[in-house]
Amino acid sequence: MKAIRVHEFGGPEVMQLEETPDLQPGAEQVVVRVNAIGVNPVDTYLRSGSNSKLRLPYTPGMDAAGIVESVGENVTNVAVGDRVYTSGAISGTYAELALCEHSQVHRLPQHISFAQGAAVNVPYATAYRALFQIAKAVPGEIVLIHGASGGVGIAALQLALAAGMTVIGTAGSEQGRYLVTDQGAHHVLDHYAPDYLEQVIQLTNGLGVAVILEMLANANLSKDLGILAQSGRVVIIGSRGTVEINPREAMNRDASILGMFLFNAAAPEISSIHAAVVAGLANGTLCPVVGQEIPLAEAPRAHRAIMEPGSYGKIVLIP
Ligand code: NAP
């Protein structure tokens, strides 16, 4: 099979498409024939060498969708021929085949394309965990999705709307704001506009927002604390640097600053997340948005694109 291999940490160009041996499942494992692969920012951090435990060479990727090719003798949750999406893979997903634990494959409803299926795992699991398990957001609350135009943001938007929350979404480009509007956000703002924080306060009748899902905390955490309602919660999903805050802003509001890292979630929490996500995909409340499909051989281009501004849903690789 063909797979992207990384032999040294570095820039996008260290990813090379190579011929590698086909994969065989162990007793509890599943091999998926990959039709589409989700590209996540974390893939770029790992490729640059951010995790000292990652051993070279390796195949990047945790998100994919495809068809079950073979299963181990103890696997009962899926069968050969099933359409599935993955939530991680032992072998990495930037390849024609992916070896997964049986718990890492989830049935993909017929009406969700493989490209959309590849856009499910990290974005929807992160958004679900941030919104429900960490912020404990409830119907009727006002949620600011600070960075709503990308993979996690669109997922959070769909989850919050389906749960009956009022959603304010931000995007930095016109096409991003068009997407967030089209997805049904109640209010859409430009996170580069000089007055957008005042607009948040106006939209909430001076009260502020109950929950903020923050995609770039180093740029925004200080601002977030000033637009939170009493007992508001800000969940740090993404951050690429340091930030100075005034703790009094949190103190005055009994506000909570909550960090979250998807990979810290316990196995039962992950199972619960995928049960909810599969149900949402099946009943139509969740519908991933794919902005760009790029051939697997051009994985370096996908890694450059995901780190650029002007997000529009997910970037997906096609083997
Ligand atoms: P993505 O698809 O590349 O989207 C990035 C989002 O951040 C876009 O909506 C982008 O908006 C927005 N953004 C850029 N500059 C911003 C600013 N100044 N203020 C507010 N938003 C801004 O990435 P993603 O997959 O959605 O992931 C988002 C972030 O969460 C990344 O940093 C990623 O590493 C992190 N993440 C963390 C976890 C975790 O477990 N904690 C899991 C998944 C992702 P525009 O492009 O429209 O400006």
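Start at 1 and go down the list; that is how both ligands and their atoms are numbered.
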Between [X] and ligand 1, is there a nitrogen or oxygen pair with a distance under 3.5 Å?
X: H191; result: yes
X: V122; result: no
X: S149; result: yes
X: V42; result: no
X: M260; result: yes
X: A171; result: no
X: G172; result: yes

With the threshold set at 4.0 Å, does a side-chain nitrogen-carboxylate oxygen contact exist between [X] and [Y]?
X: E19; Y: R5; result: no
X: E249; Y: R253; result: yes
X: R129; Y: E269; result: yes

Protein residue, atom and distance nearest to [atom], heavy-atom basis:
atom: atom 7 (O) of ligand 1; result: M215 CB, 3.7 Å
atom: atom 40 (O) of ligand 1; result: L262 N, 2.7 Å
atom: atom 34 (O) of ligand 1; result: Y45 OH, 2.5 Å
atom: atom 26 (O) of ligand 1; result: V152 N, 2.9 Å
atom: atom 10 (C) of ligand 1; result: S311 OG, 3.7 Å
atom: atom 42 (C) of ligand 1; result: T126 OG1, 3.1 Å
atom: atom 38 (C) of ligand 1; result: I237 O, 3.7 Å
atom: atom 3 (O) of ligand 1; result: I306 O, 3.5 Å

Return yes when atom [atom1] of [X] has more than 12 non-hydrogen atoms of other residues, nucleotides or ligands closer than 6.0 Å, and no otherwise.
X: Y178; atom1: OH; answer: no
X: E174; atom1: CD; answer: no
X: K2; atom1: NZ; answer: no

**Message:** Go through it in stages, so that I can follow the logic: the residues are D224 and H146, the test is side chain to side chain donor-acceptor pair (under 3.5 Å), and I'd like the CA-CA distance, side-chain angles, deciding distance and then a yes or no.
**Reply:** CA-CA 9 Å; D224 289 342; H146 217 163; 2.9 Å; yes
Give the numbers and elements of all ligand 1 atoms closer than 4.0 Å to a heavy atom of [X].
X: H146; value: 20 (C), 21 (N)
X: Y192; value: 15 (N), 48 (O)
X: R240; value: 31 (C), 32 (O)
X: G238; value: 30 (O), 32 (O), 35 (C)
X: A148; value: 9 (O)

**Complete:** Rounded to the nearest 0.5 angstrom, the CD-CG distance for E69 and D22 is 8.0 Å
**Item:** Distance in Å, D190 CG paired with T170 OG1, rounded so as to fall on 0.5 Å steps
**Value:** 8.0 Å
**Message:** Quiz question: by atom type and distance under 3.5 Å, do the side chains of H7 and E18 form a donor-acceptor pair?
**Reply:** yes
**Request:** Please say whether the positively charged group of R47, taken as NZ for Lys or CZ for Arg, lies over the ring of F9, i.e. under 6.0 angstrom from the six-membered ring centre and within 45 degrees of the axis.
**Result:** no
**Item:** Identity of the nearest option to atom 20 (C) of ligand 1, non-hydrogen atoms only, from I236, L216, T44, N220
**Value:** N220
**Message:** Given G147, P123, P309, identify the one with the heavy atom nearest to atom 12 (C) of ligand 1.
**Reply:** G147
**Asked** For H187 and Y196, what are the C-alpha separation, side-chain angles and deciding distance, and is it a ring pair (Phe, Tyr, Trp, His ring centres under 6.0 Å)?
**Response** CA-CA 11 Å; H187 308 285; Y196 84 104; over 10 Å; no
**Message:** ring pair (Phe, Tyr, Trp, His ring centres under 6.0 Å) for Y124 and Y128? Distances and angles first, verdict last.
**Reply:** CA-CA 6 Å; Y124 282 83; Y128 188 95; over 10 Å; no
